[in-house]
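Take a look at this one; I'll ask things after.
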Amino acid sequence: MNLKDTLIKCGFYEVNNSVTLQKFFKILNSYKGNYGYITVEGKNFKTVLIKGTYKNFIKEIKSEHSLPKSIYTKIAEIITSFERDNFEHIEIDAGTDDKNLYLLKCKKIPKPIKRFDKRDILPFPPLTHIEYSLFHDGLTKENTLYSNNFFSYLLPETLSPFSASLFKIFENVLNPFFMENNIKTLEPSIKHIFGKPFINKNNLDIVFRTLKGNDHFYLLNYAPHLFLKLKKIKFKEFDLNIIKNINFENYFDDARNSYEELNFEQFLDNLFVVVANLAAIFFIFFFKFNNAFTTLYNTQPDISKILKVIYLSRQSSLITNNQTLYPFFDFSYNKTNFSKIYETTTYDLNTLLKEFFPKTRLALKKKKLIQAISEIHNLLDIKDRAVLFANNIFDKVKKIIENKKDELVENHKLKKNISPFNFDFKEFTDIYSDNFYANYLFNYCFKIWQFERYSFQIVPNEIFEEDIPQNHSIVSKMISKFNNIMTFHPLIFFEKEIKGKTFYLKSTKDEIETDSIIYSKSIPLPLLPKINKAKAIIVESAPVYSYLMEYATVTDTSIITGLRFSPMFFGNSILQLKNKTLTIEKNSR
């Protein structure tokens, strides 16, 4: 059946000589490329409809001579009916006599490029009132603070439905490591807010205090806008004697054993053990890196110089190898080819220490500094192993789920063109076991629509539980404040005087212009080849142990962090970096 006939079957009327149309308009089953909405635009009016709901679903952008609610309801019913069997982006020329909808022209339009960061400033709240209120579950009694950038180098800004459902199931996956070491933890350790993963910052603070440290190293890596506000920086070493087992190999072995036993029948149990052990590996890595880094910082407080010594003396790294990797650990992504960016050139450690560390202090602490750098190199090797192992896990999980999906298609329980990763995990397993009694196509479409809307929603990098329902109002005020600022004093690594045009990296398919100043939420390992022509890179956070920071160190590329929502207010601008100040010289935001 062709597109026109399909739309007529879904509810449109054909025009005939007896019909007098009163209004003409265009319909898109998307808004700004976002599939969670319907755009209806005519002379002097523009309306956005939220898919999958029929209460407060009409958002007027320009409302002079707009259509009656009954017509908008019919449009929403027709489009959502069409999408239950057809996953296409379409454009329709239509008309109405204020009673019926008439089809004039229609065509398929290209699907927008998949973006890992779709956040956008909208003239209306991107979600419904019910969707905002659902994320304040009232179970957390304390004034809990959640933090977002912790996951930004592993996950896209908004998780696919399948991945998000696992995060909800595994919300306490970070806790077993601390529990086995008798360290008190709070629940949940992970919070799922509008499809975005947040870590429980209160939980981390308790762990840091228990280990007799503080959160300054965490802020440097994951909340640099708060790190900039510290009156006095003090990286305190963690007391690792409190932790009974800090042997990486034990955790790798436990993870590998569960990985080998991973199958569909015991999927959640085995996957939880794998992820819990990887979480333990990361936290041991974090604590040990903090301690070694603190040794270096106490001698050389210039972090850029510390990084030069660490990375220019490193023997090998994943960024010097050709391989195939997942850009993000989300099941909606496929692997990408990663080509090494540069040939390995290792510099003599003694020479680097003499160049970048104070000579008087170096003479007294050289042996201790060399031990700290050696420890950091070993930790970075552990990180490389964990990343490659995580890629193997994803390969196996995707194969398990896709094989079960093929069984469902073969048994006529699912349509062939449906992705299992647009269900949540429980829905998928219920369909497989014949325990799903609703219309799976409607649920499937609704998950896609809601995921798309979640991806538009901006959430502060830190948010208190009680503020979640007021998120849109909070963000709107913050953005309004930022829009009036033309000069910024960010956290800068490898600073030099720079001037250039901005480029917003938000897709794995983006091609970067030479000499751009790139800005992005984050730039994980597989996307590093995208930025090899950049003058400077602006990200919301840049962990000192990230592949981005390693790349910036060896290529002497300026990294600018500590600017919340930078993609929201730079637009296509001309920026200048000079004397620790970032200035918007020409702006078209």
Side-chain angles (χ1 to χ4, degrees), residues 32-33 113 115-123 149 152 157 220 223-229 302-305 307-308 341 456 458 460-461 475-507 509-523 527-542 546 548-549 551-589:
K32 298 177 75 171
I113 294 174
R115 298 172 180 169
F116 58 82
D117 184 4
K118 292 185 182 180
R119 294 174 298 169
D120 205 343
I121 302 168
L122 302 178
N149 279 336
S152 63
E157 171 65 17
L220 168 67
H225 59 287
L226 297 179
F227 180 80
L228 285 166
K229 295 180 180 180
D302 187 327
I303 295 174
S304 294
K305 290 181 178 179
L307 296 176
K308 286 288 184 183
I341 303 167
F456 258 178
I458 306 166
N461 294 326
V475 168
S476 296
K477 291 175 182 176
M478 294 174 77
I479 295 294
S480 177
K481 177 183 176 182
F482 288 140
N483 276 335
N484 297 321
I485 300 174
M486 301 298 285
T487 300
F488 306 88
H489 300 281
L491 183 62
I492 307 165
F493 301 92
F494 318 117
E495 183 181 7
K496 56 183 73 69
E497 189 172 331
I498 294 167
K499 185 175 181 179
K501 184 179 179 181
T502 58
F503 185 96
Y504 182 9
L505 178 62
K506 52 189 174 182
S507 164
K509 297 185 181 298
D510 284 343
E511 294 299 327
I512 310 301
E513 297 177 12
T514 303
D515 292 335
S516 297
I517 295 177
I518 295 172
Y519 63 96
S520 184
K521 170 77 173 184
S522 62
I523 303 174
L527 297 188
L528 291 183
K530 297 281 184 185
I531 64 174
N532 62 358
K533 298 176 183 177
K535 279 186 173 180
I537 300 159
I538 303 172
V539 283
E540 292 186 16
S541 67
S546 67
L548 172 62
M549 195 64 88
Y551 164 84
T553 305
V554 298
T555 59
D556 200 35
T557 303
S558 294
I559 296 285
I560 303 164
T561 72
L563 302 175
R564 288 179 292 178
F565 310 145
S566 59
M568 305 298 108
F569 51 79
F570 281 145
N572 294 318
S573 306
I574 302 294
L575 300 182
Q576 182 175 44
L577 179 64
K578 186 177 181 180
N579 297 328
K580 301 187 182 301
T581 301
L582 186 69
T583 304
I584 301 176
E585 291 201 345
K586 184 178 179 182
N587 181 256
S588 59
R589 56 188 174 182

Exercise for review: Please assess Glu511 against Lys530 for the test salt bridge (Lys or Arg N to Asp or Glu O under 4.0 Å), listing each intermediate value before the final yes or no.
Suggested key: CA-CA 7 Å; Glu511 294 299 327; Lys530 297 281 184 185; 3.6 Å; yes
Point to revise | Minimum heavy-atom distance between Phe456 and Lys118, given as atom pair plus value | key: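 That would be CD2-O, 3.3 Å.
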Exercise for review: Mind checking salt bridge (Lys or Arg N to Asp or Glu O under 4.0 Å) for Lys578 and listing every partner two or more places apart, or none if nothing turns up?
Suggested key: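 For Lys578 there are no salt bridge (Lys or Arg N to Asp or Glu O under 4.0 Å) partners, ignoring immediate neighbours.
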Exercise for review: Start with the C-alpha gap between Leu563 and Leu491, add the side-chain angles, then the distance that decides, and say whether side-chain contact (heavy atoms from CB on, under 4.5 Å) holds.
Suggested key: CA-CA 8 Å; Leu563 302 175; Leu491 183 62; over 6 Å; no
Check your understanding: Once you round to the nearest 0.5 Å, how far does CD1 of Ile584 lie from OG1 of Thr487?
Key ->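 Rounded to the nearest 0.5 Å, the CD1-OG1 separation comes out at 8.0 Å.
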Exercise for review: Over all heavy atoms of both residues, which pair between Met549 and Ala542 is shortest? Give the atoms and the distance, please.
Suggested key: CE-O, 3.4 Å
What side-chain donor-acceptor pairs closer than 3.5 Å can you find for residues 493-501, not counting sequence neighbours?
unit_1, atom_1, unit_2, atom_2, d
Glu495, OE2, Lys580, N, 2.5
Lys496, NZ, Phe494, O, 3.3
Lys496, NZ, Asp556, O, 2.7
Lys499, NZ, Glu585, OE1, 2.9

Review point. How long is the gap from CZ on Arg564 to CD1 on Ile458, to the nearest 0.5 Å?
Key: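 Between Arg564 CZ and Ile458 CD1, I get 12.5 Å after rounding to 0.5 Å.
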Exercise for review: List the steps and the verdict of salt bridge (Lys or Arg N to Asp or Glu O under 4.0 Å) for Lys533 and Asp515.
Suggested key: CA-CA 6 Å; Lys533 298 176 183 177; Asp515 292 335; over 6 Å; no
**Study point:** OG-NZ distance between Ser541 and Lys521, expressed to the nearest 0.5 angstrom
**Key:** 7.0 Å
Point to revise | Verdict with reasoning, Leu577 to Ile560, per side-chain contact (heavy atoms from CB on, under 4.5 Å) | key: CA-CA 9 Å; Leu577 179 64; Ile560 303 164; 4.0 Å; yes
Exercise for review: Look only at the side chain of Lys308 and the backbone of Thr553, and say whether a donor-acceptor pair between them is shorter than 3.5 Å.
Suggested key: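 Yes; judged by distance alone, with no hydrogens or angles, the pair exists.
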Review point. Would you call Asp117 and Arg115 a salt bridge, using N to O less than 4.0 angstrom?
Key: no
Point to revise | Polar side-chain atom of Ser520 near backbone of Leu505 as donor-acceptor pair, under 3.5 Å | key: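 The answer is yes, because a donor-acceptor pair under 3.5 Å joins these two groups.
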Review point. Taking the side chain from Ser480 and the backbone from Ser476, do they hold a donor-acceptor pair closer than 3.5 Å?
Key: no
Exercise for review: Mind listing the closest non-hydrogen atom pair of Ile559 and Ala552 along with its distance?
Suggested key: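 Smallest heavy-atom distance, with atoms named: CG1-CB, 3.4 Å.
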Review point. Where the side chain of Asn579 meets the backbone of Thr581, is there a donor-acceptor pair that is under 3.5 Å apart?
Key: no
Review point. At their closest point, which heavy atom of Tyr551 faces which heavy atom of Leu528, and how far apart are they?
Key: CB-CD1, 4.0 Å
**Study point:** Closest approach of Asp510 to Ser507 (non-hydrogen atoms, all atoms of both residues)
**Key:**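 Smallest heavy-atom distance, with atoms named: OD2-N, 3.1 Å.
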Revision key, fill the gap. When rounded to the nearest 0.5 Å, the distance separating OG of Ser522 from CG of Asn149 is 8.0 Å
Point to revise | Nearest-0.5 Å distance, OG of residue Ser516 to OH of residue Tyr504 | key: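 Ser516 OG to Tyr504 OH: 15.0 Å, rounded to 0.5 Å.
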Exercise for review: Supply the atom-to-atom distance Ile492 CD1 to Leu582 CG, rounded to the nearest 0.5 angstrom.
Suggested key: 7.0 Å
Study note, to complete from the structure: Nearest heavy-atom approach of Thr561 to Pro224 is OG1-CB, 3.5 Å
Exercise for review: Run the numbers on Ile531 and Leu548 for side-chain contact (heavy atoms from CB on, under 4.5 Å), then give the verdict.
Suggested key: CA-CA 10 Å; Ile531 64 174; Leu548 172 62; 3.7 Å; yes
Exercise for review: Apply side-chain contact (heavy atoms from CB on, under 4.5 Å) to Ile538 and Ile518, showing your working.
Suggested key: CA-CA 6 Å; Ile538 303 172; Ile518 295 172; over 6 Å; no
